[in-house]
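This is a predicted model, so every value here is computed, not measured. Chain letters run A, B, ... following the sequence lines, proteins first, then strands; residues in each count from 1.
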2 protein chains.
Amino acid sequence: MSSTAPAKTPRASAAETIDAGFLESLVGYNTRRAMLMITPNFMQRMAVYELGMADFSVLSLIKHNPGITSRQLCTALSILPPNLVGLISTLDKRSLIERRPHPRDGRAMGLHLRPAGQKLMRDAERTVLELEQLSTANLSPAEQKTLIRLLQKIYA
Amino acid sequence: MSSTAPAKTPRASAAETIDAGFLESLVGYNTRRAMLMITPNFMQRMAVYELGMADFSVLSLIKHNPGITSRQLCTALSILPPNLVGLISTLDKRSLIERRPHPRDGRAMGLHLRPAGQKLMRDAERTVLELEQLSTANLSPAEQKTLIRLLQKIYA
DNA sequence: TATTGTTATACTCTATAACTATA
DNA sequence: TATAGTTATAGAGTATAACAATA
């Protein structure tokens with residue numbers, strides 16, 4: 001097992017005997033730690049598409065809700081309108097989405113995926129599902145379903 | 001265009017019928033949404049102590065691990081050393097913590113709560129436990145325990 | 001040579017105020 | 001008057017490079 005000589009310094013164990021018991025009893029702390037585990041993997045695997053988490057969420061909602069407005073995206077994703085402008089603008093410049101005049105509201109723009117966005121999201125969603133498998137490797141399918149259900153009971 | 005609407009409510013409810021089914025099937029998305037629900041409540045209730053989430057986590061680990069070093073805090077909480085400096089400095093200026101020379105490492109400083117920090121954390125931890133009750137109001141005690149266990153299986 | 005703590009810095013994310021054009 | 005989208009801006013949060021003191 002350990003080919004190294006037995007360590008005599010107690011310093012090595014001191015670093016591992018941190019008592020985080022109180023924090024680990026809190027839903028908020030554990031939720032944050034789980035996010036810290038998932039986020040870098042997401043960023044790394046989505047880098048090839050040049051999509052961040054917000055970009056992917058926005059594109060996913062546009063894909064499954066053609067004609068959705070910026071205002072609806074903000075409400076659904078808890079993004080403030082000023083912070084969505086840059087995201088939409090970038091996706092538009094990349095020709096991934098298209099802004100069409102809203103049929104019944106002259107102020108709003110209906111958002112749609114362009115062909116490049118359709119193709120990108122087909123690949124990106126597949127990659128996200130692969131990432132989901134890796135993130136939940138320690139969970140059974142039932143546990144994964146339970147985890148999602150309980151998280152939704154927190155925020156729904 | 002079939003935007004002619006002789007009917008009363010053809011797609012009038014479209015604003016509320018956003019399909020987020022794909023996102024809601026992802027652990028990462030649901031974890032993030034749960035965080036977005038918990039974080040503002042935490043900030044609001046901890047504002048009276050002038051403590052953010054990182055401050056509270058740091059103070060909690062110092063409280064339960066007297067003499068812990070900055071390096072250990074960084075490892076335990078996934079905080080980068082340059083970003084911890086300001087936190088520790090502020091807590092020190094507020095006389096909540098004390099930096100003592102480390103007994104066996106001249107480079108490091110052992111961190112301890114000062115009396116004001118002890119008192120503050122007694123109140124703050126009680127407040128956090130109250131917040132925990134509110135955040136998990138829709139969960140049974142068993143569900144709360146299960147949620148924490150499953151989250152830990154994600155990041156542990 | 002490696003590690004602890006630190007400074008400087010930059011980039012991202014998030015938040016608020018105010019403007020425009022439409023409703 | 002209220003709302004959708006936008007601009008400008010400020011504040012957190014988080015990232016890397018480099019340095020001095022110590023191991």
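Put simply, CE on M53(B) and OG1 on T39(B) are 4.5 Å apart, with the number rounded to the nearest 0.5 Å. From T127(B), atom OG1 reaches atom CE of M121(B) across 10.5 Å, with rounding to the nearest 0.5 Å.
Rounded to an integer number of Å, the gap from H102(B) NE2 to dT3(C) P is 16 Å. With rounding to whole Å, L84(A) atom CG is found 14 Å from dC13(C) atom C1'. We find that CD1 of I88(A) is positioned 15 Å from P of dA4(D), with the value rounded to whole Å. Spacing between atom CZ of R32(A) and atom C1' of dG13(D) amounts to 9 Å, rounded to whole angstrom units. Atom CD1 of I79(B) is separated from atom P of dT4(C) by 16 Å (rounded to the nearest Å). Distance, M109(A) CE to dT3(D) C1': 16 Å, rounded to whole Å. Atom CG of L73(B) is separated from atom P of dT3(C) by 19 Å (rounded to the nearest Å). We find that CG of N83(A) is positioned 13 Å from P of dT7(D), with the value rounded to whole Å.
For DNA chain D, if you chain together Watson-Crick or G-U pairs that step i with j, i+1 with j-1 and so on, the runs of at least three with distances under 3.5 Å are C:1-3 with D:21-23, C:5-8 with D:16-19, C:10-23 with D:1-14.
With respect to E143(B) and K145(B), no salt bridge is recorded, no charged nitrogen being found less than 4.0 Å from a carboxylate O.
With a 4.5 Å cut-off on side-chain heavy atoms, M35(A) and Y155(B) do not count as touching. Within the 4.5 Å cutoff, the side chain of L113(B) has no heavy atoms near those of the L120(B) side chain.
The nearest pair of heavy atoms linking L111(A) to L73(A) is CD1-CD1, 3.6 Å.
Cluster membership for I18(A) and V58(B), using ILVMFWY side-chain heavy atoms within less than 4.5 angstrom, is shared. Connection of M46(A) to I38(A) is not established within any shared hydrophobic cluster, with ILVMFWY side chains joined at heavy-atom distances below 4.5 Å, either directly or through further cluster members.
Defined by atom type and a distance below 3.5 Å, a donor-acceptor pair is missing between the side-chain atoms of N30(A) and E24(A). A donor and an acceptor atom, one from each side chain of S57(A) and Y29(B), are nowhere located under 3.5 Å apart.
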Run the side chain to side chain contact (heavy atoms under 4.5 Å, CB included) check on L150(A) and T146(B) step by step: do they pass? CA-CA 9 Å; L150(A) 296 180; T146(B) 298; 4.0 Å; yes
B/S/- contact track for nucleotides 17-22 of chain C, protein heavy atom under 4.0 Å: B----B
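The residue among R99(B) and A54(A) whose nearest nucleotide of DNA chain C is located toward the 5' end is R99(B). Residue S70(A) is the one, among S70(A) and M53(B), whose nearest nucleotide of DNA chain D lies closer to the 5' end (criterion: closest heavy atom).
Within a heavy-atom distance below 4.0 Å of DNA chain C, no residue of residues 34-46 of chain A is found.
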